Amino acid sequence: MIRNELITLKAQREIQDQELEKLSEQNTMKDLEIEEIVNKIESILG
């Protein structure tokens, strides 16, 4: 019974790790988008 619970918890952790990685990648992409927008605004303002 404890073994099954351990296996379940490990599987849940793997899913959470994958979700964290996905969110981290999305965050990086958003940072790049913000940087591009700031650069465009700066170039327009001179």
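Keep in mind that the numbers below use all heavy atoms, side chains included, and drop hydrogens, waters and symmetry copies. When a residue number appears, it is its place in the shown sequence, counting from 1. All values reported here derive from a predicted model rather than from experimental measurement.
- Looking at heavy atoms from C-beta onward, Leu9 lies in side-chain contact with Gln12 at the 4.5 angstrom threshold.
- Atom OG1 of Thr28 sits about 11.0 Å away from atom CG of Leu23, to the nearest 0.5 Å.
- Judged by distance alone, with hydrogens and angles left aside, the side-chain atoms of Ser24 form no donor-acceptor pair with the main-chain N or O of Leu20 at under 3.5 Å.
- Atom CD1 of Ile2 is surrounded by 12 or fewer heavy atoms from other residues, nucleotides or ligands within 6.0 Å.
- By the 4.5 Å heavy-atom criterion applied to side chains, Lys10 and Leu6 are counted as neighbours.
- The side-chain heavy atoms of Leu32 and Met29, taken from C-beta on, include a pair separated by under 4.5 Å.
- With Gln18 as the fixed residue, the side chain to side chain donor-acceptor pair (under 3.5 Å) test singles out one of Lys22, Glu21, Gln16, Glu14: Glu14.
- Atom CD of residue Glu33 and atom CD1 of residue Ile37 lie 6.5 Å apart, to the nearest 0.5 angstrom.
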Exercise for review: May I have the step-by-step check of side-chain contact (heavy atoms from CB on, under 4.5 Å) for Glu19 and Ile15, ending in yes or no?
Suggested key: CA-CA 6 Å; Glu19 183 67 18; Ile15 291 169; 5.6 Å; no
